[in-house]
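To start, the structure under review is shown below, and the notes come after it.
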Amino acid sequence: MAECVRTTLNPSHFLLHSTKTPTQNPFFSSISSFEAKPNARNYPKISLSVMSSQNQSQGQTQVPSLDALLNSGRKEEVFASIKASLHNCLSETNLQLTVPGLKSKTRGKVRDIYDSGDYLVLVTTDRQSAFDRILASIPFKGQVLNETSLWWFNRTRHMIPSAVLSVPDKNVTIAKKCSVFPVEFVVRGFVTGSTETSLWTVYKNGVRNYCGNVLPNGLVKNQKLTANILTPTTKAEDHDVPVTPDEIIERGLMTQDEFDEAREKALSLFEYGQRVALERGLILVDTKYEFGKSSDGSILLIDEVHTPDSSRYWISNSYEERFQNGLEPENIDKEFLRLWFRENCNPYEDKVLPDAPEELVCELAWRYIFLYETITKSRFEMQPMGEPIHDRISRNVSSALSSFQ
């Protein structure tokens, strides 16, 4: 979650308008999922590898069933730690009161950003946001996002440098200051989504030229595009606004050279992310990138990379069959929690929202951890109970900043 100085430090706003109906999801048997009504299709087969059959035919080690992993003994172990941490989430920080040298705090939806003069200190909290507000606090979420991004930053250094300087704590990144381009580079590989700016929403409303991309007639929801596309957005007062490449240049948001470089980096990062995900039995459906410009003029990758907050992931070994049968893809994301709020209140207008059910909070925490372990192929180390999280972060940040002096 490397970050840089920007005019406004507001996180992305994704507005959801779903009309799906509930059904039982075999991958998450304890949680109601939301699928489209079955409607068998006779579309051509999608040229997307299914890892289990592909590996078997090539004589490679078969990827374990995600269904088996999701319901393995590991889930029971993790669930115990999640439940024990429900009342020990990192919902708010005030490091400016405890860490010498921090000058100011900017509170985003998920991250608290502190100015230390030469650097920025980014604390990724456990806050869960949607509908332009905070819905709940999810145990270990901040740690998952921070460590997932770090994993990807390290593995994409050959493609583009990041703003990351140090990671002194499981929830903290210290980053270089730079000028942030006021454009989010949203890359999509499929026609899907339920937000106002999602590709499926605009496509079903008749749009055939979106953000400079000409779209053919006859596409259906969740269909794979023939090539990945870039659909950039920029910030309005309280939401994201789609823009074309020409508009970005005309408005002076970026120069042509800056845009061309960032565009090439975004598409390359997405293609690489798709390859890595597919090797692990997942489909990276879409994501967003942010870029900044350092004092020496180089383009830096900032914010977060391929996290469950910034990206949509589907399960590869069931995608094609479900698509052909008109079913929603199996996924590992936070959509089910957002849909629960839509079903039980008006999350846009109600002044007070109901508390998220503990069962859903725990399930979402598990999905975040599962996705981290699946992608990184490493065990997620949960901080043992004891020292309060805020005290631990304060101590680690103070030590890190003193070492920079």
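In what follows, every heavy atom counts, from backbone to side chain, and hydrogens, waters and symmetry copies are set aside. Residue indices begin at 1 and follow the sequence shown.
Nearest heavy atoms, Tyr313 versus His306: OH-O, 2.8 Å. The two residues Val207 and Leu215 have their closest heavy-atom pair at O-CD1, 4.3 Å.
Under the 4.0 Å criterion applied to side-chain N and carboxylate O atoms, Lys293 and Glu258 are assigned as salt-bridge partners. The existence of a salt bridge linking Glu290 and Lys288 is confirmed by a sub-4.0 Å separation between a basic side-chain nitrogen and an acidic carboxylate oxygen. Here Glu92 pairs with Lys105 in a salt bridge; the nearest charged N to carboxylate O distance falls below 4.0 Å. With respect to Lys83 and Glu359, no salt bridge is recorded, no charged nitrogen being found less than 4.0 Å from a carboxylate O. Ion pairing of Glu381 with Lys170 is absent here, as no side-chain N (NZ or NE/NH1/NH2) approaches a carboxylate O to less than 4.0 Å. In this structure, Glu373 does not pair ionically with Lys377, as no charged nitrogen and carboxylate oxygen lie closer than 4.0 Å. Salt-bridge annotation for Asp333 and Arg312: absent, with no side-chain N of the basic residue lying under 4.0 Å from a carboxylate O of the acidic one. Here Asp115 pairs with Lys177 in a salt bridge; the nearest charged N to carboxylate O distance falls below 4.0 Å.
Between Tyr319 and Phe323, the ring planes are parallel. Angles under 30° get that label, and only those over 60° would be called perpendicular.
No more than 12 heavy atoms of other residues, nucleotides or ligands sit less than 6.0 Å from atom CG of Asp355.
Remark: the Arg208 side chain and the Asn217 side chain contain an N/O donor-acceptor pair separated by less than 3.5 Å.
Checked against the 6.0 Å centroid criterion, the rings of Phe190 and Trp314 qualify as a close aromatic pair.
The closest side-chain heavy-atom distance from Arg392 to Ile389 is below 4.5 Å.
Evaluated for a salt bridge (Lys or Arg N to Asp or Glu O under 4.0 Å) with Asp309, the options Arg367, Arg127, Lys334 yield exactly one hit, Lys334.
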